[in-house]
Structure formats: structure tokens, C-alpha cells
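Worksheet for the structure shown next.
Because only heavy atoms are used, hydrogens play no part in the values below, and waters and symmetry mates are left out as well, while side chains stay in.
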Amino acid sequence: MKRVGMRAVVGLAGPAWLVTAWASMMGASLSPAWSEDRAKPPNETARQAVESLQLEIGEDHYWTEDGVLARGVVCLRDYDWADQEPWVAPFEYEWLLQTKRTRVEPIPRYTVEMVAEHARRLRELPWVQPSAKADSHLVLGQSHGWPEDKPLEGWQMGDPTVPPQNVFGYVITDPDRPDVFPTEAGETRKLRVVLVAGNHPVEMHGDWALHGMISFLVSDDPRAATLRRKAVFYVYPMVNPDGRSLQVRRPTVPPDLWVRTRGNPELHDSGEGDHNRVWTTGDRFSTIRLVTSAMRADTGGHADYLWDFHGGYPHNPGDYRTTAGGHESPYARALEARQAPYPEVLRRTSSGAPTMLRTWAMTSEGLNIPYSFTFEPGCQLDKRAILRAGKALALGFYDVVTGQAPPPPGPPEPDPDLIARPPAAPVLTWRFQPDGPPRDRAGEPLPVELHEAQWSDEPHFPDSGNQPLVLDGAATYADLGHPPAVVDAESLTVAARVRGSARPGSTRYLVSRWQTRGNQRTWALVQHQNTRAVNVLLTPAGSFARRKNYLSSFPVFDGNWRHVAFTYQPGECAEQDGQLRVFVDGVELRAGAGLEILDDDPVPKLFASTAPLQVGAWTEPGRYFQGELDELAIWNTALDPAQIKWLAETTLRELDD
């Protein structure tokens, strides 16, 4: 919230070095390329925004071609929330008001100078220490920078100039509480949490959210004291200082280009444009090298959670992102129970690019973190809401360490009134007997190629004669070719008994007709990556651009035998969507009751794929499933819930009888 009487241009205050730097910044920022824009009249939307902010248009303000105010000076002391953060009050800096991006109020920039000042104040606290590779000033080292006399071809911001910047790393915890401490249940290790911000230079909403989180963690709140006793937070508050330094000082490109600028000169010189797509490049970039080595030294290569703070979505409150496995974690359940970060922010399931910080941290080459999150607060949130969000994220960890996180979700309760009813014979059945190949509806054997087949000596049904197929997750799979009744099916039911307990780093395929080469995808029953959840995929056109993507919201591959099935019924016409239903142990999963719908594009009919039917892998081959499979059956009709219930409770042998 802004105080009445906010000035558009304020008198310079603060230390002499800051005044000098500020004057230099302002002079360097006014590029002649913008001179024509100053004469452009503002559009009505921008004019109303300026009037609502009580800004006075001076010579240091000008308008872009689309009528957006592009330059101004803001002093944080003019905001009443700054009273809670007195250390930021002296900082005066430019800000960019883009009515397309900011719908509530301008979010002040979070500068590299503010990071340094914050670190200076934090190191005076007894529960803030340098990280393993940082000095007494919490400085890990310096960034690459970019010299004034070194041109950079194709750089969109004029000649980049930035001196090497300090990179900070510090730890927040109670130093009097050892990393491993006794409890009633025995010895317990402190929860380890990695906090990162500043990856993308322009996404400063995330910096303020991290600031709100840190403000709570170092406060006198009893809950914060509990967290410091039972957890350790490794903080890297600005991992791309060169990019941030340039974005604060020299936004001399049109706003749309400014928004999309995500790198820094060192990346640009190597042909890269996104600082959050190079975390697997090892020693290629100086700041990445400095931060990743510090993270591994601090954590010993193992941590429990990571937050990478971003932000700046124009038209929504934002979201927080993690894998489906992350949503299974105790911490995510605590956030859901708190409706955190706040009710307006949606959770989103996203595995992320493999070269992102969040996904790198989950690998053995990274930090072996099982649960990694990205926070993306949006522009419909005001400054207070973003600070409050950071506190809410910290309180989720408080729920975890105090045992207040909700228990893991389970499957929905079965319908007590549903009476099981046997289906007709399937068009393909495979009971997994060493001398019994897959068979068609008439009982005739179907061709199958077994690759590295192994048979279990512990059948799920002792009297069935079955020996489930053991799939090792490395090379074992079966190719069933192109059974006509399956290939030509318009309606579909796929059912099997499965057992597994691994949490694979990539999606693993149980049964599918799914070939990425030539966009020959049709359907797939899979284990979702980084989770123990079952996942069903359908496409209408062979590509992955449009799909149905349904996921169980509870672990299915938990070391127990489970019956899994899905049915598909096409639409009655080309304009009508088909119906996908998913079942576990004979119980239908529904949205909000055991089922998470990741994508729900229309699939009026199944794509006529040339992909073969495969068990235990997709058709490249690869993505091998690790576990056991028994009693596979496929119908060219969509069975109803009563028939699926019968299958879950009965063996296929009884169906034959």
C-alpha cells in the first residue's frame, strides 16, 4: 500500500556512494534511442495508472510507443510496509510500470545493493552464519562481470557494463542445536532446505517473497525459533547478480524485450539466453560454478527441499510448481492445509526442463533433493501479499518439523452399493505363465517377443498358475506387435495387476502404444516420473500437444499388488469429447478424490497409431518399468465400474471358467 503524496522524483538520500551510483545509473539509462518516445502521449490506461499512483511526470519520465510509463524513481520509505523493513528505506531506485504486467501496484526492484545491505545486517544475528565456502561477510566470491571496453555482439541492451558482483551464501539455523539431535523416537537430523532467488534478472517478485520468508525465519516468533532448532536453511539470495545489476541500471530496450531478458553478458557471449537453463553445464559459467559448488559443500550433496523463487506473471496471482512427487511430500500437504502461499495461488504440476536449477538439484550430480519447488508470484498480488507468501512458505516447514503436516492422501472409499459384475471375454489376455503366451478372444496364442524375460517364483494368486513378469527397469520388456482387435479398437479398457516401489527419475511405461518417433502416440499406462503414482495418457492426433493426462493423487506403486485399469469411450461425433476413467483396486478415481487431472484436452477418438503394443517399455524402446506385472487384459469396449470391480476382486482364470 502506498502512502498518500508519493513523489515521482525524490531527493537523493543515503550514503555518498549510493548517491553517486544512483546519479550514474540515471544518466546511463537515458539512451538517445528513447528520445522520440518522450513525445508520445500516454494512452488512457497508462494515464489512469499514473494518476492512481499519484505520480508527477517529470523530465526523467517518458512514454513508450504503446503509451506505457517506462521510467520513474521510487523511494521505499513512501510505502507503509517499509516500516517493517527499515533497512530498505534509504534505497531509491528506478522502477518500470507496465500496465500489462502490474495490475495492483508497481513492485519495487530488488537490487544487488539491497542484497548486500540485507546480508550485512543478517550477519549480526547469532543464527546466521557464513556458508561453508563464504567469508565472514557471507560472500562466496564474485561474478564474472563485463568490462566497459568489451563489445558484445547482438546484446539487446546497448553496450553492457557491469563490474564483478559479490555472490552471497549463508546459513540460518540455531548453532547451539547440533545437526543430529536426540528425540523420543531416537536421533533425528535437522531438516535441510535450500533457498535460491535472482535466477532471472527481471523476476523480482520472487526476491521479495524470499525476503518475507527470511524475515520470518530470523524473527523472534516462537515458531521461527522452533524452525531454527529443527531445520537448517541454506540461502543463496542472488545467483545471477550480473543480470540483475544490468536490469536495474540499463533497461534501454522496449518493455517487451526487457521482460524477456533472462540471462547476463557471460551467458549471451556463449550463445545462451536463460540463466535457468544452464545449471547442468558444470564449469561453463562462473556464477553457476560458484553457487553449485557452494551448495554441494554446504549440504554435503544431500538436502530435503529446495525453493527457487521467481515471479512476475502478468494476468494471474501466480503459482508454485513441483513434480507430482513433490505434491505427495509432507511439506506440500502442509501448504495445501494452510492454503498457502495464499488461496488465490494455484499449485501446478511441472517436472521442469532437465537443465533448470530445480531439476538439477534433484539429481545425484546435484543435491539429491527429493522435493524441489519453484515459486512464481504474479502481478495481481500487492507487495504485502508477496511478503506474506514468504512467511507462509516458512510456516509449511514448521508444520513438517512439528508433525502437524497432514497424513498422505489415500485412495477414495469404494461405493458400498456397487455390485460386482463379470465382463465379457477380453480381446487380449496374458496371465504371465512361462508356457502361456498372450491370447486373443478365441483363446488363440498371439506373437510376443520377450526381451530379457524373468519370471517371478512368488505368484500373486497361488492357485492360478501365474508367474508374474519381473521387469528390471533397465532392459526387460515385451513386444506384442499389432493385435488387430487392439489396434482397431475405438473404445478401450486396459487392466493389469502391478507391483512396484521405485520412484524413477523419468516416466516409466507399463503397457502402451506410444511411439514418439513420427508422433505415433495413442495411449499409455505409466508410472509418473519422480512419484509412485499411476498415470494414464491419451492423444487424439499422435502428438503430445493435445492430450488427456490423468494422475493418481496417492501412491499406487507402494510395494503392494494393485489392480489398475482405465477405460476410454469416444465421443458420439467429432465435436464431442471422449471419456477417460481411471480405476485402482476396483475403485474409480475422480477429480479431487484420488485423481489429479493435469491435462484434459478433447479426445473425440483415439489416434490410429502404427506403434506396437508393448509391456514394460515404450516403443523406442526405453523408459523401462521396474516392478512386476500380472494378468494383463484388454477389451475393445469401455467396461463399466461394476465390471472393473469384479476384475479387481477376481482372477482371470475365473473369468475363463
Side-chain angles (χ1 to χ4, degrees), residues 14-22 24-25 76 85-93 109-146 162-176 179 192-199 201 204 206-208 210-219 224 228 232-246 248-249 264 266 275 285-300 303 307 309 390:
W17 66 267
L18 185 57
V19 173
T20 303
W22 176 245
S24 174
M25 284 160 47
L76 289 181
E85 309 290 345
W87 66 271
V88 304
F91 286 91
E92 297 167 355
Y93 51 90
R109 298 186 183 183
Y110 207 103
T111 67
V112 290
E113 291 87 0
M114 293 169 71
V115 174
E117 175 65 11
H118 196 200
R120 185 188 70 79
R121 292 177 178 267
L122 286 174
R123 71 174 186 257
E124 300 173 358
L125 301 174
W127 38 80
V128 177
Q129 296 94 32
S131 68
K133 290 197 169 185
D135 61 20
S136 60
H137 298 282
L138 313 184
V139 176
L140 294 170
Q142 289 199 314
S143 64
H144 181 275
W146 200 259
V162 57
Q165 304 290 314
N166 285 338
V167 181
F168 294 90
Y170 54 88
V171 178
I172 300 174
T173 193
D174 185 343
D176 296 330
D179 189 55
R192 297 179 179 179
V193 183
V194 178
L195 306 175
V196 179
N199 216 333
M204 304 187 197
D207 298 87
W208 285 108
L210 174 59
H211 183 87
M213 188 174 189
I214 293 172
S215 295
F216 172 76
L217 291 175
V218 301
S219 71
R228 294 194 295 266
V232 53
F233 295 87
Y234 306 95
V235 186
Y236 310 91
M238 184 62 63
V239 295
N240 183 8
D242 288 357
R244 177 60 55 82
S245 179
L246 278 172
V248 168
R249 289 172 169 77
N264 63 38
E266 185 185 8
H275 197 270
F285 300 109
S286 59
T287 310
I288 299 287
R289 178 173 65 249
L290 184 65
V291 173
T292 54
S293 63
M295 288 179 176
R296 291 188 61 83
D298 289 346
T299 64
W307 270 111
F309 289 85

For [X], side chain to side chain contact (heavy atoms under 4.5 Å, CB included) partners two or more places apart:
| X | result |
| --- | --- |
| Ser293 | Lys133 |
| Asn166 | Val139, Gln142, Phe168 |
| Pro163 | Gln165 |
| Ala134 | Pro130, Ser131, Leu140 |

side-chain hydrogen bond (donor to acceptor under 3.5 Å, both in side chains) partners of [X], counting only residues at least two apart:
| X | answer |
| --- | --- |
| Thr173 | Lys190 |
| Thr287 | none |
| Tyr234 | none |

> Between Leu195 and Leu217, is a side chain to side chain contact (heavy atoms under 4.5 Å, CB included) present by the stated rule, with each step listed?
Replying inline: CA-CA 12 Å; Leu195 306 175; Leu217 291 175; 4.3 Å; yes
> Are the side chains of Val194 and Tyr236 in touch, meaning some heavy atoms are under 4.5 Å apart?
Replying inline: yes
> So do the side chains of Met114 and Asp207 get within less than 4.5 Å of each other, counting heavy atoms only?
Replying inline: no
> So, the side chain of Arg244 versus the backbone of Tyr110: is there a donor-acceptor pair under 3.5 Å, distance only?
Replying inline: yes
>> Donor-acceptor check, side chain of Ser245 to backbone of Pro241, threshold 3.5 angstrom: yes or no?
In response: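 Absent.
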Listed by chain and number, what are the salt bridge (charged side-chain N to carboxylate O under 4.0 Å, His left out) partners of [X], not counting sequence neighbours?
| X | value |
| --- | --- |
| Asp135 | none |
| Asp298 | none |
| Arg192 | Asp179 |
| Arg120 | Glu117, Glu124 |

>> Could you measure the distance from the CZ atom of Phe233 to the CD1 atom of Ile214? Nearest 0.5 Å is fine.
In response: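 That separation rounds to 10.5 Å.
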> OG1 of Thr111 to CE of Met238: how many Å apart, nearest 0.5 Å?
Replying inline: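 Result: 7.5 Å between the selected atoms.
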Which heavy atom of [X] sits nearest a heavy atom of [Y], and at what distance?
| X | Y | result |
| --- | --- | --- |
| Asp176 | Asp174 | N-OD1, 2.9 Å |
| Asn199 | Asn240 | O-ND2, 3.2 Å |
| Ser143 | Ser286 | C-OG, 4.2 Å |

> Quick one: ring pair (Phe, Tyr, Trp, His ring centres under 6.0 Å) partners of Trp127, sequence neighbours excluded?
Replying inline: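 None.
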